[in-house]
Amino acid sequence: MPATSKYWLLKTEPESFSIQDLARAPKKTTCWDGVRNYQARNFMRDEMQVGDRVLFYHSSTESPAIVGTATIVREGYPDPTAWDKSDHHYDPASSPENPRWCMVDIRLERIFDEALPLSQLRGVAALKEMELLRKGSRLSVQPVRKVEFEAVLKLAGVK
DNA sequence: GCCAACGTTGGC
DNA sequence: GCCAACGTTGGC
């Protein structure tokens with residue numbers, strides 16, 4: 001994927017943080033902390049830019065689905081939960097002096113009137129090569145092609 | 001540097 | 001809860 005990608009997909013388990021939680025957050029904004037995968041980190045650290053568009057995805061739930069959109073409002077900066085011993089994502093190899101993990105801030109754009117479940121997305125020709133739909137895909141931060149992003153918005157009935 | 005063992009993700 | 005598909009770790 002080229003460094004010019006402007007579209008992303010972020011996964012979250014709604015039991016820990018859902019799009020409804022994001023809607024209730026101050027300024028409908030949150031930091032995307034807790035990512036502990038190098039490929040996902042690199043996307044956040046090196047490629048995400050303010051204004052990039054985001055598909056918001058609920059995983060590990062009864063009906064995994066894309067549930068809305070968000071935008072990047074702050075570019076990559078160190079994830080302080082990595083050096084918080086009480087945090088579930090604590091990593092002793094990271095420190096304020098030498099941070100290993102990274103996060104961005106996102107702001108809610110819209111919650112879809114109807115979520116788009118994986119089962120529905122799998123039937124869409126324009127999404128045939130989408131990373132999310134690849135067998136065995138686990139990346140929690142992944143690039144999305146423009147045509148894919150637009151196809152998803154169309155499915156969601158967003159003008 | 002190989003690779004087996006282990007831990008995690010996440011759909012089903 | 002099962003398990004396939006990954007990523008990471010660590011012995012050698």
Side-chain angles (χ1 to χ4, degrees), chain A residues 1-3 5 7-25 30-48 52-70 72 76-106 108-145 147-149 151-156:
Chain A
M1 193 58 59
S5 177
Y7 305 90
W8 308 94
L9 181 142
L10 296 181
K11 288 183 190 175
T12 176
E13 299 188 17
E15 281 194 24
S16 59
F17 188 82
S18 70
I19 200 165
Q20 288 77 21
D21 293 327
L22 179 55
R24 284 189 292 266
T30 187
C31 59
W32 206 250
D33 61 16
V35 172
R36 299 291 182 267
N37 170 280
Y38 288 105
Q39 204 179 347
R41 178 204 66 182
N42 293 348
F43 284 135
M44 292 197 292
R45 187 189 62 188
D46 304 334
E47 299 199 36
M48 282 187 178
D52 284 4
R53 313 283 301 279
V54 172
L55 297 175
F56 200 99
Y57 179 79
H58 282 173
S59 67
S60 293
T61 183
E62 189 179 339
S63 178
I66 300 176
V67 293
T69 59
I72 305 295
Y77 63 108
D79 177 352
T81 66
W83 54 76
D84 176 358
K85 279 185 181 158
S86 67
D87 194 278
H88 181 242
H89 298 287
Y90 172 65
D91 177 0
S94 190
S95 66
E97 296 74 31
N98 193 8
R100 168 175 297 198
W101 301 108
C102 182
M103 61 189 189
V104 296
D105 288 357
I106 66 167
L108 179 67
E109 202 167 71
R110 58 163 32 92
I111 299 177
F112 293 159
D113 292 338
E114 296 198 31
L116 301 174
L118 260 195
S119 53
Q120 178 183 354
L121 300 175
R122 290 194 192 284
V124 179
L127 305 181
K128 276 285 180 286
E129 294 180 49
M130 194 174 187
E131 169 69 18
L132 179 69
L133 305 182
R134 251 192 52 240
K135 183 178 168 68
S137 169
R138 299 194 313 178
L139 250 192
S140 66
V141 176
Q142 53 181 256
V144 171
R145 296 174 186 83
V147 289
E148 293 164 347
F149 189 88
V152 167
L153 290 195
K154 191 174 174 187
L155 285 169

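All figures in this text were calculated on a predicted structure; none of them were measured in a lab. Residue numbers start from 1 in every chain, and the chains themselves are labelled A, B, ... in the order their sequence lines are given, proteins ahead of strands.
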Asker: Given dC6(C), dG10(B), dC12(B), which nucleotide is nearest the side-chain atoms of R138(A)?
Answerer: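 Selected nucleotide: dC6(C).
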Asker: Nearest whole angstrom, please: distance from the P of dT8(B) to the OH of Y38(A).
Answerer: 15 Å
Asker: With R53(A), which of V144(A), L153(A), I72(A) fulfils side chain to side chain contact (heavy atoms under 4.5 Å, CB included)?
Answerer: L153(A)
Asker: Among the nucleotides dT8(C), dG11(B), dG7(C), which one has an atom lying closest to any side-chain atom of Q39(A)?
Answerer: dG7(C)
Asker: Is it the case that S95(A) and N98(A) place a side-chain donor and acceptor less than 3.5 Å from each other?
Answerer: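 Checked: S95(A)/N98(A) side chains show no N/O donor-acceptor pair below 3.5 Å.
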Asker: Looking at L10(A), L118(A), L116(A), I19(A), which one forms a side chain to side chain contact (heavy atoms under 4.5 Å, CB included) with Y57(A)?
Answerer: L118(A)
Asker: Between D91(A) (CG) and dT8(B) (P), how many Å, whole number?
Answerer: 13 Å
Asker: If we count only N and O atoms by modelled type, under 3.5 Å, do the side chains of Y38(A) and R45(A) hold a donor and an acceptor together?
Answerer: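 No, R45(A) and Y38(A) have no side-chain donor paired with an acceptor closer than 3.5 Å.
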Asker: Rounded to the Å, how far apart are N37(A) CG and dT8(B) P?
Answerer: 14 Å
Asker: So, is K135(A) near the phosphate of dA5(C), with a side-chain N or O under 4.0 Å from OP1 or OP2?
Answerer: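 Indeed, a polar side-chain atom of K135(A) lies that close.
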Asker: Round to the nearest Å and state the distance from E62(A) atom CD to dC12(B) atom C1'.
Answerer: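 The distance from CD of E62(A) to C1' of dC12(B) comes to 12 Å, rounded to the nearest Å.
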Asker: Take atom NE2 of H88(A) and atom P of dG7(B), then tell me their distance rounded to the nearest Å.
Answerer: 14 Å
Asker: Between Y57(A) and dG11(B), is there a contact of a side-chain N or O with OP1 or OP2 at under 4.0 Å?
Answerer: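 Yes, because at least one side-chain N or O of Y57(A) sits under 4.0 Å from OP1 or OP2 of dG11(B).
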Asker: For M130(A) and dG11(B), what is the distance between atoms CE and C1' respectively, to the nearest whole Å?
Answerer: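 Distance check: M130(A) CE to dG11(B) C1' gives 16 Å.
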Asker: Among dG7(C), dC12(B), dG10(B), find the nucleotide with the atom closest to the side chain of S59(A).
Answerer: dG10(B)
Asker: To the nearest 0.5 Å, how far apart are NE2 in H88(A) and CZ in R36(A)?
Answerer: 10.5 Å
Asker: What is the distance from NZ of K11(A) to P of dT9(B), rounded to the nearest Å?
Answerer: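 Value for this atom pair: 11 Å.
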Asker: The side chain of S140(A) lies closest to which of these nucleotides: dT8(C), dG10(B), dT8(B)?
Answerer: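 Selected nucleotide: dG10(B).
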Asker: If only side-chain N and O atoms of R134(A) are considered, is one of them under 4.0 Å from the OP1 or OP2 phosphate oxygen of dC6(C)?
Answerer: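 So the side chain of R134(A) is within the cut-off, an N or O lying under 4.0 Å from OP1 or OP2 of dC6(C).
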Asker: Measure the distance from CZ on R36(A) to P on dT9(B) and round it to the nearest whole Å.
Answerer: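 These atoms are roughly 11 Å apart.
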